Amino acid sequence: MLIRLIGTVAIVTPDGPVEVTAPKLAGVLAALASRPGVAVSQHELIDRVWGSNPPDSVFNVVYSYIARLRTLLKPLPQVRIDRASGSSYTLNLPDDQVDVHMVHSLVAEATELGDAGDPADALKLLRRASTLAHAPALIGVPGPWAKSFRDGVHRERLGLLTERFRLELELGNHSAVVEELSTVVDSEPAAEPLVAHLMLAYYRCGRPADALNRFELTRRWLRDELGASPSERLTALHRQILNHDPALDGVKPQSGTDHATPAQLPADATVFTGRGAELGDLSRLARSQNYTGLATVVGVGGVGKTALAVHWGHDHRDRFPGGQLYVNLRGFDNGDPITPVEALDRMLTALGHDGSTIPSNLDAAAEMFRSATSDSGTLVILDNAHGVAQVRPLLPGSGCFTIITSRNRLTGLSVRDGAHPIRLATLSEDQSAALLRRLLGRAGDEEIHRLARLCGNLPLALRIAAARIAEAPDDGVSGYCDQLQRDRLSSLAVDDDPESAIVDNLDLSLRGLDAQARNLFCRIGSLPGDDVAADLVRQVSSLSETDTDRALARLASGHLVEQPQQGRYRMHDLVRLYAGKRAHTELSVTERAALIDVFIDWHHDRAYQPVEDEEANIFAAAEALAEHPRLWRLILPLRNTINEGRSLDRVQRVVDTGLRLSRTTGDDLGVFRMTNMLSSIANREGDLDGAIRLGETAARLADSLGHREQTIASGNLGVFHRAAGNLRGAADRVAKAVDLALCNDNLVSPRVFVTTLVESLTSLGDPVTAREHLTRIETRLDGQMTDVDQVRFRIHTSTILIAEGRFWEAMTMVEEALELARGQANGYLTAQCLGQLSEVFYRFGWAESAQSVLLTELTSSQEAIEPPWNRRSSVITPRFWSTSVSINGLLSWWRPHCDPSCRRPSP
């Protein structure tokens, strides 16, 4: 399944589902995915997503949404959005790769099997369909079409559940499904066919009083809510139950065989929410392997591994004629782990073997277990395993299905035993809120979502929170949230069950680490921020690089750290709080202070590198270290954030703090750096007078500092003068900066300021001087020109050629730059080249040629000309903005004339 319309609209990539939370964007994807492989016209898309009141620019918005969806679909090369004839779009993928269509397909196949007299196999398909259809469709997508679609899916779900539970009862599974059916009826009190199934299930379970009580609850609900009475069918069933009609007895569940049939599963969770994808994975694996299969369910403590395995086991008991074996191996408990010999003894005893016949030798006992289970169709759940060595002797014979849960990854089982790993992450916030509502049965959306966030969407924490709120109902959800805000770790505990507390639960994970991994865990926990780069981990580690990487691998294997992307690590919110608490216990004050110094200096030394991965950490750390005397060194990398025009108010607040602390400590370099950043903020906000005033202050401060600071101050001041229209002041200031840089072997600053210098001089009508400066910079960079430099310097050369009236040569130069940019797959540079090319064409008066080039290339470059705060990019220069204006200005004239989808009737 690649597209999910049930629940929150999502694209299921190899790295996991990517939820499309923007309502209109989700609406466009849903409109296409509702009819995969069929062309959907722009007008139909607009009608479905915007209804009768679309914005004036709706065609351009649709175009941009299609481009964004194509970007989101890039991890799925088999899925494409193609432009069909006219102004239509087609989402090309098979029907059964969209969940709603997969449900239709499963129901249709189940119907055929049922008609052919195979209710057992039909039921399996309906169970799978029920798992997929677990929630309302298009959650968060507004509009009449979405509501109609949602209502249709809901009606189909009720029909699916009605047929599924009919077959469950027909096959004698009333005991297995009665609680699940009760939950369904609670949420659908008007669905009388389901109510009838529940009453019959209660009766067959020997609970006629519950059946009669359910009828009375339904009768009252229909009367109070709808002013109606129960149907004749439900009333007749009620009479049959009152009379103990033998016709209601139905099929008896199959009982024992000649040998013992174990049924050792613990009780299923009374409330189980979400995990549809993981349950589906287990079902597919069990079906594809014809029982013989092995799955490992791994994740951090408290994430719900046991609950998932046990819930799936209960839901599929009927497909395992050999019964269900369950052993808690206590790999992460306060007591000693269960030995393999002891676990085998328990399972063989459950299979009917006399204890005296079970070998004490591990290999012999393992052989006996494999023989006893061979081709038996037994489900084996080995819960809470510590490691591979503990579980490998416990694997059953062929023809069985085994699920192993562990906090460790158990990679060896995947390598040698063909285990299918299922990594269990925390719930989504919506799933957490749904679980809390079912546990609490009350509270509003806002406070429920706040509670979910404070619990880190960790199932154990959510259940602890629900239990604590139930103990003190007067405080309510809001009061408990306030308590959590003050101290989350202490509040997430249950007085009479210490093993259910978050701290105790994590203590068990930490206890399984060696000294090196434990120390590294505490060191990472002492750092502020949400995640951490691997290079920074190595800097704060007390170990060699090799030993640090090994310790990191151990932490990742135990799910105490996660690796969301290559070279970065993070901890779950509650694990991070716990790690910080352990750091205060196991590291001295001096050690923790030294780690913070390393953290600050590491960020300072990366001030001229892209900041996207670290930006959130810097903001969080700046708040945590708000009075640290060296704060300015931490926040210096936010200069890149300023250049990209993002979060300027937030940056200004931390820069003001850094400036205050630098003045207090007499740190002249810090005062200069913060003043310079404030001038850049003023420039980005359009306050050119303020930018120039602060820039001049920074220049005066730089006079007593080194040439590097003088270069930065002079160059930035030149940029501000250029923006204010003072071309001569700009050229003089930037020329001084370039001279200072080149005289001191600084080859970075000339790259930054050359655009302003060339454009200022050519605008002044002095292309000769501009060429002299450009040639001098190119000469110094000889042999050190990057691929990006090659493109940009060709653009600068073309600017000079345009100023000299040499348009043919300028066009040749831009075409070379464009070819290089395309070869680098650099959309940002491609957009720059297109802007320059449009300028050359404009000088020639070739509007049609410009139209052809831009509209052809714009499809692949659309992302590059979005506002920079909507994407990751390199430093934004003034040339970028002129490029964007050029392209969008041309398109505003060309599109209505050339693109049929954008035409409007003449006034």
Side-chain angles (χ1 to χ4, degrees), residues 604-610 636 639-640 643 669 672-673 675-677 679-680 683 691-692 695-696 698-723 726-801 803-804 813 817 820 829 832 874-880:
H604 172 268
D605 294 344
R606 292 169 51 87
Y608 290 90
Q609 297 182 31
L636 183 61
R639 56 180 295 281
N640 298 304
N643 287 338
L669 182 57
F672 164 75
R673 287 291 192 179
T675 303
N676 186 61
M677 288 179 72
S679 70
S680 297
N683 178 56
I692 291 171
E696 289 173 344
R700 289 193 296 272
L701 292 167
D703 287 341
S704 61
L705 300 171
H707 62 81
R708 182 183 182 85
E709 289 73 31
Q710 293 168 19
T711 298
I712 293 170
S714 185
N716 283 350
L717 192 52
V719 171
F720 304 153
H721 279 298
R722 166 95 168 108
N726 180 5
L727 299 178
R728 175 48 59 193
D732 292 346
R733 280 290 186 173
V734 176
K736 176 182 176 182
V738 170
D739 287 342
L740 273 170
L742 294 179
C743 289
N744 290 280
D745 294 325
N746 172 0
L747 301 183
V748 174
S749 294
R751 288 181 166 100
V752 175
F753 296 126
V754 65
T755 299
T756 300
L757 182 58
V758 168
E759 291 187 351
S760 297
L761 288 169
T762 53
S763 297
L764 286 168
D766 190 1
V768 174
T769 304
R771 185 180 293 280
E772 290 173 356
H773 283 292
L774 186 64
T775 301
R776 187 158 61 107
I777 296 170
E778 284 184 297
T779 301
R780 290 297 302 275
L781 289 176
D782 185 40
Q784 301 182 50
M785 294 273 280
T786 66
D787 292 341
V788 171
D789 289 333
Q790 297 286 352
V791 175
R792 286 180 172 161
F793 275 78
R794 281 172 169 78
I795 293 174
H796 301 326
T797 301
S798 71
T799 300
I800 296 170
L801 290 169
E804 294 173 338
M813 190 63 63
L820 288 171
L829 286 178
Q832 282 190 300
S874 56
V875 175
I876 303 300
T877 65
R879 167 52 95 183
F880 174 83

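Because the structure is predicted, anything quoted here is derived from the model rather than measured.
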How many angstroms lie between CZ in Arg780 and CZ in Arg751, if you round to the nearest 0.5 Å?
-> 11.5 Å
Distance col, row Leu764:CG vs Arg728:CZ, nearest 0.5 angstrom, shows 5.0 Å
To the nearest 0.5 Å, tell me how far Ile777 CD1 sits from Asp782 CG.
-> 14.0 Å
Should the pair Asp732-Lys736 be classified as a salt bridge under the 4.0 Å nitrogen-to-oxygen rule?
-> no
Check for a donor-acceptor pair, side chain of Glu709 on one end and backbone N or O of Gly706 on the other, with a separation under 3.5 Å.
-> yes
Which heavy-atom pair separates Ala737 from Phe753 by the least distance, and what is that distance?
-> CB-CD1, 4.3 Å
Show the numbers, then the answer: is there a side chain to side chain contact (heavy atoms under 4.5 Å, CB included) between Asp789 and Thr786?
-> CA-CA 5 Å; Asp789 289 333; Thr786 66; 3.2 Å; yes
Between OG1 of Thr711 and CG of Asn744, what distance do you get to the nearest 0.5 Å?
-> 6.5 Å
Under 3.5 Å side-chain donor-acceptor pair for Ser680 and Asn683 | no
Between Gln790 and Arg794, which heavy-atom pair has the shortest distance, and what is it?
-> OE1-NH1, 3.0 Å
Which heavy-atom pair separates Phe672 from Ala702 by the least distance, and what is that distance?
-> CE1-CB, 3.8 Å
Using the side chain to side chain contact (heavy atoms under 4.5 Å, CB included) rule, take Leu820 and Asp787 through it: C-alpha gap first, then chi angles, then the decisive distance, then the call.
-> CA-CA 8 Å; Leu820 288 171; Asp787 292 341; over 6 Å; no
Kindly indicate whether the side chain of Val758, heavy atoms from C-beta on, has any atom under 4.5 Å from the side chain of His773.
-> no
Within the distance-only criterion (no hydrogens, no angle test), does the side chain of Asp703 pair as donor or acceptor with the backbone N or O of Gln710 below 3.5 angstrom?
-> no
Who are the side-chain contact (heavy atoms from CB on, under 4.5 Å) partners of Arg708, not counting sequence neighbours?
-> Tyr608, Arg673, Ile712
All heavy atoms of Arg639 vs all of Met677, minimum pair found to be N-CE, 3.6 Å
Might you point out which heavy atoms bring Ile800 and Pro767 nearest each other, and give the distance in Å?
-> CG2-O, 3.8 Å
Start with the C-alpha distance between Gln832 and Arg792, add both sets of side-chain angles, then the distance that settles side chain to side chain contact (heavy atoms under 4.5 Å, CB included), and finish with yes or no.
-> CA-CA 9 Å; Gln832 282 190 300; Arg792 286 180 172 161; 4.0 Å; yes
What's the shortest heavy-atom distance between Ile795 and Ala817, and which atoms?
-> CG1-CB, 4.3 Å
Taken to the nearest 0.5 Å, the spacing of Met813 CE from Thr797 OG1 works out to 5.0 Å
Partners meeting side-chain contact (heavy atoms from CB on, under 4.5 Å) with Val768 (sequence neighbours left out) | Asp766, Glu772
Check whether any side-chain N or O of Thr762 sits under 3.5 Å from a backbone N or O of Glu759 as a donor-acceptor pair, and report yes or no.
-> yes
Do Leu742 and Leu747 touch side chain to side chain, with heavy atoms closer than 4.5 Å?
-> yes
His707 vs Cys743, side chain to side chain contact (heavy atoms under 4.5 Å, CB included): CA-CA, chis, key distance, verdict | CA-CA 9 Å; His707 62 81; Cys743 289; over 6 Å; no
Side chain of Ser760, backbone of Leu757: donor and acceptor closer than 3.5 Å?
-> no
Look only at the side chain of Asn640 and the backbone of Gln609, and say whether a donor-acceptor pair between them is shorter than 3.5 Å.
-> yes
